[in-house]
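These notes are about the structure you will find just below.
Every chain is numbered from 1, with letters handed out A, B, ... down the list of sequences.
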Amino acid sequence: MTRTSLEVVQLTIPPHPRYLSLARLLVGGLGAQSKLTVEDLDDMKVAVSEAITNAIDHAYEPDAPGEIIIRYRPSEGQLVVEVEDSGSGFDPDKLDTSPPVPDLEGGLGLYLVRELADQVKVESAPGSGTKVIITKRAHG
Amino acid sequence: MTRTSLEVVQLTIPPHPRYLSLARLLVGGLGAQSKLTVEDLDDMKVAVSEAITNAIDHAYEPDAPGEIIIRYRPSEGQLVVEVEDSGSGFDPDKLDTSPPVPDLEGGLGLYLVRELADQVKVESAPGSGTKVIITKRAHG
Amino acid sequence: MRISDRSEDFLAIVCVSGELDQATVPELRERLSSLLDEGARWLLLDMRELEFIDSSGLGVLIAAARRAGEAGGELTVVCARPNVLRVFDISGTRELLNLRQEEAQARELLAECRQRATAASQAGDSHDPNQP
Amino acid sequence: MRISDRSEDFLAIVCVSGELDQATVPELRERLSSLLDEGARWLLLDMRELEFIDSSGLGVLIAAARRAGEAGGELTVVCARPNVLRVFDISGTRELLNLRQEEAQARELLAECRQRATAASQAGDSHDPNQP
Ligand SMILES: Nc1ncnc2c1ncn2[C@@H]1O[C@H](COP(=O)(O)OP(=O)(O)O)[C@@H](O)[C@H]1O
Ligand SMILES: Nc1ncnc2c1ncn2[C@@H]1O[C@H](COP(=O)(O)OP(=O)(O)O)[C@@H](O)[C@H]1O
């Protein structure tokens, strides 16, 4: 166990959708401390769900073991959430960042994250996992 | 990041009371999956709060850095929660396990944990941190 | 998430409450598929009690809307919670899913669409008596 | 946790709702201390809307009850939620904290105790006229 002086809350879940709602509960629980409005928190809940769903769908083979780590860094005025997996990874430069066609079922996830967050950073490379860093500021 | 095939949800928090309620939120969120009744979950929430409060109060010096790790192992019919710190530790054999005098303010914590849980294991030694393992079975 | 459905006149009404994410999407997908398999094509999804939706939830709705359209019908969604409305807005799916904020408006829309479809097929019949 | 207080007749009534744990205990401890410092000694703690309590919450209540008693008064707790009642029961603090499930019972108890205290001090006065 390493010690850290940063105020980080970390949640580690298996790559299964049944744990998605836990990650959202913590967004709600930490949001009050960050002075985010209810609307800000609702946006963050969707963004975090999308990033975790991507890790569940794309990072690991179905039913393969694995972990998804969600780090929450609350501070007054903003909440930063990192979603990290150690799965397949991908080349973020090849992502299509244009608005998705609304009648297609896929490709909406990261687009929603970008629209709902104030800042999004995707760190990934084939073979070395993915880290998505989402920042939401208080707009009160 | 190590991979594990066990279904464990892990929460890591700094030793500060403001994160207590997060640990309880996860008890509530995982309880449904374990088929625990509302009453069982309420008991578990108190037990988990007590164990974490002890780690905050006794494991680390005030305002010193440190981590408290809470592991949730939900399965059908029971929920096991481990509360682990890497702080001062103590000798569990020297614990007074008799019912506390109700008009004293201290010494209630572990007594409540024992009364509210189905099984409690305390692993600790001076200098090597503490792990409290709490099991609550569904009494539906 | 909780789902309940009932048929009323020509409508299939499906109420969805709670949270719709990757964990609960499969159940809704199955329910909508069964209804469509059984011939339902005028679907009213009452999501006024839905507390959360993300892109996996949108995916099921989009797929069901497409199937209803292919069967000559239409799907509408009733939704009023700001956080859920916002996800429809940002994803640009409001029109595709015929989003309405009140149930009466959704019923009206489906009734109109059905009338138009009936009229069109009757007009088709009279203009082309050789069609079955 | 939210706290509000008001004085009514001889009573100090403190309403505590939400969750009472190590994070929120300091605020309640301060509020009760101020009230006791200001001379309040008949305390009615309305905890009917309290959703959670643990041993750190019990600690504040026990300390306040002791101070009220030392000042010749009494503290009562009104509580009805089963999960909160259970913590009082298991800790054996029901009697010490004069737990009641209805506000009227708590008021009655405090009124009686006060009457008895007044009678005793008057009786004391008449039997021992040398006392001030
Ligand atoms: N955590 C991840 N691990 C591996 N690949 C990912 C991850 N997140 C996103 N991707 C890749 O980025 C693509 C776009 O993601 P997204 O916009 O969420 O759409 P969708 O998930 O619907 O395909 C995915 O199809 C996948 O190839
Ligand atoms: N995580 C811990 N780290 C170090 N000491 C602990 C820990 N948990 C419990 N203890 C020791 O056990 C004692 C009894 O704990 P408890 O029954 O909860 O009562 P209280 O916390 O009110 O003293 C504490 O006073 C402390 O000395």
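Within 6.0 Å of CG in Asp63(A) there are 12 or fewer heavy atoms belonging to other residues, nucleotides or ligands. The neighbour count for Glu30(C) CD, taken as heavy atoms of other residues, nucleotides or ligands under 6.0 Å away, does not exceed 12.
Contacts of Leu61(C) with chain A are absent, with no heavy-atom separation under 4.5 Å from either backbone or side chain.
Here Asp21(C) contributes atom CG and Ile56(A) contributes atom CD1; the two are 8.5 Å apart, rounded to the nearest 0.5 Å. Here the OG-OH distance, from Ser55(C) to Tyr111(A), works out to 12.5 Å after rounding to the nearest 0.5 Å. A distance of 6.5 Å separates CG of Leu112(A) from CG of Leu58(C), quoted to the nearest 0.5 Å. Here the straight-line distance linking atom OG of Ser56(C) with atom CG of Asp57(A) works out to 8.0 Å at 0.5 Å rounding.
No salt bridge links Glu39(A) with Arg86(C); every basic N to acidic carboxylate O contact stays at or beyond 4.0 Å. Ion pairing between Lys45(A) and Asp54(C) fails under the 4.0 Å rule for side-chain N and carboxylate O.
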Derivation and outcome, side-chain contact (heavy atoms from CB on, under 4.5 Å), residues Ser49(A) and Phe52(C): CA-CA 10 Å; Ser49(A) 281; Phe52(C) 179 85; 3.4 Å; yes

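If you check the side chains of Thr53(A) and Gln22(C), you find no donor sitting under 3.5 Å from an acceptor.
The heavy-atom pair separating Ala23(C) from Pro17(A) by the smallest distance is CB-O, 3.4 Å.
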